[in-house]
Number of protein chains: 2
Amino acid sequence: MDTQADILKRNGMSITESRKKILELFLESDGALAHADIERNTHTAFDRVTVYRTLQTFVEKGIIHQIPTTDNSILYALCRQSCAQGHHHDNHVHFICTQCDRTICLDDVTVPGVKLPGGFKPSQSAMVVTGVCKDCQ
Amino acid sequence: MDTQADILKRNGMSITESRKKILELFLESDGALAHADIERNTHTAFDRVTVYRTLQTFVEKGIIHQIPTTDNSILYALCRQSCAQGHHHDNHVHFICTQCDRTICLDDVTVPGVKLPGGFKPSQSAMVVTGVCKDCQ
DNA sequence: AAGTTTTTGCAACATTATTGCAAAAAACTT
DNA sequence: AAGTTTTTTGCAATAATGTTGCAAAAACTT
């Protein structure tokens, strides 16, 4: 089993309080987190800038990935299964629950292929599905 | 054929300079536009607030729709074919070209269904495909 | 053309994000 | 374990982005 420190070390990052804490938040949460969520959950124990930089580093190292939103914010999610193996995150399906408002990363669902008009060469596709999640039925 | 004024009037909006001009930008552009693009293209002839409010009104009236992005911005796009008839915009496929960096709204492509884990009830789905567009091959 | 309604622009403010730099912490070396 | 190097943090300053109230201006109505 992996401690936060293990994950950080394995990905070539120095082990610091802020990184351990923020990683812990992701591991505890079952949904995606926005910058604001992290600020709230750490009670601003860390500087705003540190949070920005930590998130950026995590994305660069491939520990978390960004989820596109339509409300001028970025959601970040950690993928337990697949991302742990260090693969690409680009073909995930994300599910936004209209009931509990969580965004869930459906790791094991594959994005279906789509037929594009002539001339368009796709390389990656992302999908955002809205609806009611399994806990809110 | 439709002038900008016609479109505005048909959708129950007063006809003003800013609205005509911003609508013109969308009609001329073949990609999606961000708030910043509009500011740039109008050489800030209109107040920042007016642009925000105009975009908001256009979204409410269904003339344009928002495209989720991963970079803390919102892209707005006008859908020529389908949106003109006033239908829902939620199942569009959007294509981001890595070459010319444009975001194109593929009006006539239907988002394919996706098989979700048990308990998840989908209501809408959006898809963002990255790749090379037909003009950049 | 006068009255009514809607829209605009300004000002002020709030939120969110970025950069440089010195101090602090972590990692590394011996 | 102490000293050196490297990385990270936090502060300050700044920039960019978004929102609200309100009076003036413009657009609509008759």
side-chain contact (heavy atoms from CB on, under 4.5 Å) partners for B:Leu55, two or more places apart: B:Phe26, B:His35, B:Ile38, B:Val51, B:Ile64, B:Tyr76
Write down the distance between [atom1] ([X]) and [atom2] ([N]), rounded to a whole number of angstrom.
X       : N      : atom1 : atom2 : answer
A:Arg48 : C:dA14 : CZ    : P     : 15 Å
B:Asp37 : D:dT17 : CG    : P     : 11 Å
B:Asp71 : C:dT16 : CG    : C1'   : 14 Å
B:Lys21 : D:dA26 : NZ    : P     : 20 Å
B:His35 : C:dT15 : NE2   : C1'   : 15 Å
B:Gln56 : D:dT20 : CD    : C1'   : 12 Å
B:Tyr52 : C:dC10 : OH    : P     : 16 Å
A:Gln66 : C:dA17 : CD    : C1'   : 13 Å

With both pairing distances under 3.5 angstrom for Watson-Crick or G-U wobble, and | for a partner in another strand, the correct string for DNA chain D is ||||||||||||||||||||||||||||||
Determine the minimum heavy-atom distance between B:Leu8 and B:Ser14, stating which atoms define it. CD1-O, 4.5 Å
Under 4.0 Å between a side-chain N or O of B:Asn72 and OP1 or OP2 of D:dT17? no
My understanding is that a hydrophobic cluster links ILVMFWY residues whose side chain heavy atoms are under 4.5 Å apart, including indirect links. Using that, what else belongs to the cluster containing A:Ile67?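 ILVMFWY cluster around A:Ile67 also holds A:Leu75.
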Sequence-distant partners of A:Phe120, ring-ring contact (aromatic ring centres under 6.0 Å, His included), two or more places apart: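 With neighbours one apart ignored, the set is B:Phe95.
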Output the distance between atom [atom1] ([X]) and atom [atom2] ([Y]), rounded to the nearest 0.5 Å.
X       : Y       : atom1 : atom2 : result
B:Gln66 : B:Ser73 : CD    : OG    : 11.0 Å
B:Asp30 : B:Leu27 : CG    : CG    : 11.5 Å
B:Asn11 : B:Thr57 : CG    : OG1   : 11.5 Å

Contact string for nucleotides 6-12 of chain D, one letter per nucleotide 5' to 3', B = base within protein heavy-atom range under 4.0 Å, S = sugar-phosphate only, - = neither, reads -SSBBBB
Name the residue closer to the 5' end of DNA chain D, choosing between B:Ile74 and B:Lys9 according to the nucleotide with the nearest heavy atom. B:Ile74
Below 3.5 Å, can you tabulate the donor-acceptor pairs from side chains in residues 126-137 of chain A to any protein atom, sequence neighbours excluded?
from     : atom 1 : to       : atom 2 : distance (Å)
A:Asp135 : OD2    : A:Arg102 : NH2    : 3.0
A:Gln137 : NE2    : A:Val132 : O      : 3.2
A:Gln137 : NE2    : A:Cys133 : O      : 3.3
A:Gln137 : NE2    : B:Gly119 : O      : 2.3

Salt bridge B:Asp37-B:Arg40, side-chain N to carboxylate O under 4.0 Å: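 So B:Asp37 pairs with B:Arg40 through a salt bridge.
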